[in-house]
Amino acid sequence: MRVIRPMTLPELEQVLTWAAAEGWNPGLDDAAAFHASDPAGFLLAEVAGAPVAAVSVVNHSDSMAFLGLYLCRPEWRGQGHGWALWQAGLAHAGGRTIGLDGVAAQEANYAKSGFLRQGATLRWEGDLSSDSKRSAPELRLYTEDDLPALTALDAAAQGYARPAFLRAWLAAAPARHTWVRADGRGFVTARACGRGVKIGPVIAPDAASAHAMIAAAAAGFPGPVIVDIPEQNTELAALLARDGMVETFRTARMYKGAAPEPGPMAQAVATMELG
């Protein structure tokens with residue numbers, strides 16, 4: 001008999017090992033920050049006490065949720081566990097708009113559930129030049145006193161508020177750090193992953209400063225550098241390409257419900273799992 005229930009934090013840590021095995025390359029400190037964003041939004045399907053599938057639908061605000069971590073163990077596929085979880089996740093979101101970053105192979109399936117493509121998220125990987133590192137604006141490490149201002153900056157950039165996620169994500173962890181521009185006009189987070197370092201979110205007034213902030217944040221981590229950017233950020237993509245970085249992957253950014261309207265400072269997303 002199948003049981004669907006919220007995950008515990010140790011179970012989410014296990015699910016992230018599934019994600020790593022699928023090549024998703026999660027951050028080393030992702031589990032606690034993810035779980036704190038909406039503990040009821042990480043759902044697990046189990047059969048005879050064994051976990052077989054997972055999904056997350058994190059309710060960021062009264063109007064917005066984000067879906068990710070949709071996984072089924074290979075030996076349990078084709079038995080309806082993923083579909084049952086999918087329905088439970090959508091129910092958790094209630095009447096909220098739900099966003100997701102979907103792989104091309106699943107885009108048609110997501111459309112059947114009412115998700116409409118609104119763009120794409122592009123993954124760029126590689127090394128950054130020393131020239132870009134030298135041109136970074138003045139940055140300082142995040143402190144909790146910065147949270148209200150950065151929450152407001154992020155809400156304006158994303159088009160919706162996500163206070164619980166930011167409180168957990170911006171707090172320093174052994175493998176994740178956030179830097180704030182000294183002029184208060186943006187911030188950037190870097191986190192070590194199983195392979196390389198992922199940078200995001202990047203909130204900055206323009207592509208040139210975002211490019212420099214990415215390089216500065218990545219400097220203390222072993223490469224490669226990995227950045228996920230909205231497809232409309234062509235200027236930032238050109239700067240990353242100039243450094244020799246390449247696009248390695250892209251997803252369809254899809255929404256069920258009214259899509260948010262991002263502001264111009266949204267330079268790179270935080271994670272493909274939580275938006």
Side-chain angles (χ1 to χ4, degrees), residues 16 19-20 22-30 68 99-105 107 117-139 142 154 157-158 169-170 175-181 185-253 262-275:
L16 288 174
E22 295 285 341
W24 292 11
N25 194 29
L28 302 181
D29 287 332
D30 281 358
L100 61 80
D101 276 306
V103 296
E107 187 175 341
R117 183 187 177 111
Q118 301 289 344
T121 303
L122 282 53
R123 173 157 294 175
W124 286 79
E125 298 190 31
D127 296 316
L128 289 169
S129 71
S130 58
D131 287 345
S132 64
K133 291 181 177 67
R134 288 196 295 268
S135 64
E138 184 179 353
L139 301 173
Y142 165 84
D154 185 77
Q158 307 303 327
W169 193 250
L170 300 181
R176 187 182 63 252
H177 299 285
T178 294
W179 290 265
V180 182
R181 285 175 58 117
R185 300 178 65 206
F187 64 95
V188 57
T189 298
R191 75 196 204 273
C193 300
R195 181 181 61 85
V197 54
K198 289 183 179 178
I199 311 296
V202 182
I203 308 299
D206 53 64
S209 59
H211 174 243
M213 289 164 64
I214 289 166
F221 295 85
V225 178
I226 303 164
V227 189
D228 299 327
I229 70 172
E231 66 175 345
Q232 64 267 28
N233 290 4
T234 56
E235 185 178 352
L236 178 56
L239 292 171
L240 297 175
R242 188 189 69 186
D243 273 332
M245 296 181 71
V246 296
E247 182 190 332
T248 60
F249 183 67
R250 66 171 57 201
T251 62
R253 175 57 68 94
M265 293 182 70
Q267 301 289 342
V269 305
T271 81
M272 287 191 179
E273 294 80 21
L274 272 71

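Count residues from 1 along the sequence.
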[X] versus [Y]: any side-chain heavy-atom pair under 4.5 Å?
{"X": "Leu240", "Y": "Glu247", "value": "no"}
{"X": "Val227", "Y": "Gln267", "value": "no"}
{"X": "Trp169", "Y": "Thr271", "value": "yes"}
{"X": "Tyr142", "Y": "Thr189", "value": "no"}
{"X": "Arg181", "Y": "Pro205", "value": "yes"}

- Would you please test Leu236 and Val202 for side chain to side chain contact (heavy atoms under 4.5 Å, CB included) and show each step? CA-CA 11 Å; Leu236 178 56; Val202 182; 6.0 Å; no
[X] and [Y]: which non-hydrogen atoms are nearest, and at how many Å?
{"X": "Gly194", "Y": "Leu28", "value": "N-CD2, 3.8 Å"}
{"X": "Arg253", "Y": "Gly275", "value": "NH2-CA, 4.4 Å"}
{"X": "Arg195", "Y": "Ile226", "value": "O-CD1, 3.7 Å"}
{"X": "Lys198", "Y": "Cys193", "value": "CG-SG, 3.4 Å"}
{"X": "Ser209", "Y": "Ala204", "value": "OG-CB, 3.8 Å"}
{"X": "Thr251", "Y": "Met272", "value": "CG2-SD, 3.7 Å"}

Any chance you could measure [X], atom [atom1], to [Y], atom [atom2], to the nearest 0.5 Å?
{"X": "Glu107", "Y": "Arg117", "atom1": "CD", "atom2": "CZ", "answer": "5.0 Å"}
{"X": "Asp243", "Y": "Trp124", "atom1": "CG", "atom2": "CH2", "answer": "10.5 Å"}
{"X": "Leu16", "Y": "Asp29", "atom1": "CG", "atom2": "CG", "answer": "11.0 Å"}
{"X": "Asp101", "Y": "Thr121", "atom1": "CG", "atom2": "OG1", "answer": "3.5 Å"}
{"X": "Leu170", "Y": "Asp154", "atom1": "CG", "atom2": "CG", "answer": "8.0 Å"}
{"X": "Leu100", "Y": "Leu274", "atom1": "CG", "atom2": "CG", "answer": "12.5 Å"}

- Message: I'd like to know if Arg191 pairs up with Asp30 as an ion pair, taking the criterion as any Lys NZ or Arg NE/NH1/NH2 lying under 4.0 Å from an Asp or Glu carboxylate oxygen.
- Response: yes
- Any chance you could lay out the side chain to side chain contact (heavy atoms under 4.5 Å, CB included) test for Val269 and Gln158, step after step, and finish with the verdict? CA-CA 9 Å; Val269 305; Gln158 307 303 327; 5.7 Å; no
- Specify whether Phe221 and Trp179 have parallel, tilted or perpendicular ring planes, treating 30° as the upper limit for parallel and 60° as the lower limit for perpendicular.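 Rings of Phe221 and Trp179: perpendicular, as their planes differ by over 60°.
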- Give a yes or no on this: more than 12 heavy atoms of other residues, nucleotides or ligands lie within 6.0 Å of atom CD of Glu235. no
- Query: So Phe249 and Val103, side chain to side chain contact (heavy atoms under 4.5 Å, CB included) or not? Walk me through it.
  - Reply: CA-CA 9 Å; Phe249 183 67; Val103 296; 3.7 Å; yes
